[in-house]
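Start at 1 with the first residue, then count along the sequence.
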Amino acid sequence: QVQLVESGGGLVQAGGSLRLSCAASGNIFSINVMTWYRQAPGKEREFVATINWRAGSPRYADSVKGRFTISRDNAKATVYLQMNGLKPEDTAVYYCAADIAQRYWGQGTQVTVSS
């Protein structure tokens, strides 16, 4: 089992930047993939970015490609999401997820982008 805690959300103006963090604890050695998702009110949770814990190989949703960067610090057991050029449509609760034998979710962190 693992526990995930997201942080770094907040209110930012369009065009601004935020860096989200997701700190993992517990059985971190079994983590294969870490992924960021987001969910706006009344909408489906959508994929944002993912990274292989050991090998890297980041992948992104088309909507954030070129603006967001996912990275990880294995020594700190933390995955990051650097978000640049934020748009109002990026407003959502951002969740990180860790895949082992099942998917583990963090509690989420709110990102609000004003126009």
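Under a 3.5 Å cut-off, the side chain of R72 and the backbone N or O of T78 do not form any donor-acceptor pair. In this structure a side-chain-to-backbone donor-acceptor pair under 3.5 Å is present from T109 to G9.
Listed by first and then second residue, the ring-ring contact (aromatic ring centres under 6.0 Å, His included) pairs that reach into residues 55-83 come to none, sequence neighbours excluded. The salt bridge (charged side-chain N to carboxylate O under 4.0 Å, His left out) pairs that include a residue from residues 23-37 number zero, where partners must be two or more places apart or lie in different chains. Residue pairs meeting the ring-ring contact (aromatic ring centres under 6.0 Å, His included) criterion with at least one partner in residues 87-115, sequence neighbours excluded, are Y37-W105. Residue pairs meeting the salt bridge (charged side-chain N to carboxylate O under 4.0 Å, His left out) criterion with at least one partner in residues 3-12, sequence neighbours excluded, do not occur; the list is empty. Residues in residues 91-105 take part in these salt bridge (charged side-chain N to carboxylate O under 4.0 Å, His left out) pairs, two or more places apart or across chains: D99-R103. The salt bridge (charged side-chain N to carboxylate O under 4.0 Å, His left out) pairs that include a residue from residues 43-60 are R38-E46, where partners are two or more places apart or lie in different chains. Applying the side-chain hydrogen bond (donor to acceptor under 3.5 Å, both in side chains) test to residues at least two apart or on different chains, the pairs with a partner in residues 7-24 are S17-N84.
Pairing each heavy atom of A14 with each of S115, the nearest pair is CB-CA, 4.4 Å. When all heavy atoms are compared, the tightest approach of I51 to S71 is CD1-CA, 4.0 Å. In terms of heavy-atom proximity, A40 sits nearest to A92 at N-CB, 3.9 Å.
Looking at residues two or more places apart in sequence or on another chain, you find a side chain to side chain donor-acceptor pair (under 3.5 Å) between Q3 and S25. Under the side chain to side chain contact (heavy atoms under 4.5 Å, CB included) criterion, Q110 pairs with T91, V93, T112, not counting sequence neighbours. Every residue meeting the side chain to side chain donor-acceptor pair (under 3.5 Å) condition with N27, not counting sequence neighbours, appears here in chain and number order: S30. Taking the side chain to side chain donor-acceptor pair (under 3.5 Å) definition, one finds that S114 meets it with nothing, sequence neighbours left out.
Here L4 contributes atom CG and M34 contributes atom CE; the two are 5.0 Å apart, rounded to the nearest 0.5 Å. Residue N52 holds its CG atom at 6.0 Å from OG of S57, rounded to the nearest 0.5 Å.
A salt bridge is defined here as a Lys NZ or Arg NE, NH1 or NH2 lying under 4.0 Å from an Asp or Glu carboxylate O, and D90 with K87 fails to meet this definition.
Here L11 sits alone; no ILVMFWY side chain lies under 4.5 Å from its own, so it joins no hydrophobic cluster.
Two residues are said to be in side-chain contact when any heavy atoms from C-beta on lie closer than 4.5 Å; I100 and N32 fail this criterion. Counting heavy atoms from C-beta outward, L20 and V111 have side chains that approach closer than 4.5 Å. By the 4.5 Å heavy-atom criterion applied to side chains, L86 and L18 are counted as neighbours. With contacts defined as side-chain heavy-atom distances shorter than 4.5 Å, the pair I70/V79 qualifies. The side-chain heavy atoms of W36 and T50, taken from C-beta on, include no pair separated by under 4.5 Å.
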inquiry  = Checking T35 against F47 for the side-chain contact (heavy atoms from CB on, under 4.5 Å) test, could you report, in this order, the C-alpha distance in whole Å, the side-chain angles of both residues, the deciding distance, and whether it holds?
reply    = CA-CA 8 Å; T35 307; F47 166 79; 3.7 Å; yes
request  = With side-chain contact (heavy atoms from CB on, under 4.5 Å) as the test, would you mind laying out the steps for I31 and V2 before giving the verdict?
outcome  = CA-CA 9 Å; I31 296 174; V2 296; 4.2 Å; yes
